Amino acid sequence: MALKIERITKRFGTVSAVREVSLTVEKGEFMALLGPSGSGKTTLLRVVGGLELPEEGTLSFDGRDLTHVPARERRAGFVFQHYALFRHMTVAQNIAFGLDVRPISKRLARRDVNERVEALLNRMQLEGLGKRYPSQLSGGQRQRVALARALAIEPLMLLLDEPFGALDAKVRKDLRQWLRALHDETKLTTIMVTHDQEEALALADRVAVMNNGQIEQVGPPSELIDKPASAFVREFLGTDGEGI
């Protein structure tokens with residue numbers, strides 16, 4: 001069950017945000033897309049999730065062509081930097097949202113929804129907070145609610161766009177350790193966008209370094225540090241490793 005990205009190109013007007021990018025993400029792998037602003041990493045993530053459609057190339061998961069499949073049919077769970085929680089909904093209602101908006105023929109019974117929400121509250125260390133509103137939570141708690149909402153639909157892929165960008169350094173460090181433990185438990189195929197080198201190298205099984213809409217190098221963190229494939233990778237990671 002690999003995610004295969006093959007020669008994907010996405011343009012905005014005359015600007016190619018992603019140019020002929022190919023990448024394979026294995027089942028259960030934690031992949032980080034790392035690069036500076038404007039490198040194309042968020043656009044590539046949005047193409048994977050169906051929020052953007054490519055002009056060229058193909059995308060498949062477990063052999064199923066997803067290139068033009070609508071986002072709602074991809075079973076991808078999204079988590080964004082600024083949480084994207086509904087302010088007028090309680091924590092429990094936010095978590096259940098993806099289940100409640102399913103077509104009537106695919107909706108779970110209310111009791112089953114409530115049980116799933118309660119289980120996620122416990123897993124996310126949010127016990128007893130289901131009736132609170134997002135404004136009553138800390139930043140770290142809000143991001144755990146966003147993760148719970150993404151997991152509620154039982155996704156095949158978890159897509160994280162700068163998930164810790166709005167948090168202070170201490171909370172970021174604690175939450176990323178917790179996220180890695182959660183990933184090891186769920187074994188979900190996960191792609192995370194970040195511009196933070198330390199974050200990518202600490203969390204991911206492999207890292208794809210992007211620059212100017214293309215992938216400069218893909219590999220385990222140790223390989224990127226010890227054997228940077230280009231001057232850009234060496235400079236961006238600040239490594240003294242030999243290679244190139």
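Just so it is clear, the structure is predicted and the values come from calculations on it, not from any experiment. Only heavy atoms go into these numbers, but all of them, side chains included; no hydrogens, no water, no symmetry mates.
Here the CZ-CG distance, from R64 to L156, works out to 8.5 Å after rounding to the nearest 0.5 Å. One finds the CG atom of L66 at 11.5 Å from the CG atom of L53 (value rounded to the nearest 0.5 Å). To the nearest 0.5 Å, atoms CG (L108) and CZ (R102) are separated by 5.5 Å. Going from atom CG of N212 over to atom CZ of R19 covers 6.0 Å, rounded to the nearest 0.5 Å.
R11 meets the salt bridge (charged side-chain N to carboxylate O under 4.0 Å, His left out) test with E56; sequence neighbours excluded. Under the rule for a side-chain hydrogen bond (donor to acceptor under 3.5 Å, both in side chains), the partners of S138 that lie at least two apart in sequence or sit in another chain are Q141. With sequence neighbours excluded, no residue forms a ring-ring contact (aromatic ring centres under 6.0 Å, His included) with H195.
The residue from V48, L23, T24 that alone fulfils the side-chain contact (heavy atoms from CB on, under 4.5 Å) condition with L3 is V48.
Between the side chain of R149 and the main chain of A96, no donor-acceptor pair closer than 3.5 Å is present. A donor-acceptor distance shorter than 3.5 angstrom exists from the side chain of Q217 to the backbone of A229, with no hydrogens or angles considered.
Closest heavy-atom contact between V21 and M210: CG2-CE, 4.3 Å.
Proximity of L34 to F236: side-chain heavy atoms (C-beta onward) are separated by under 4.5 Å at one or more points.
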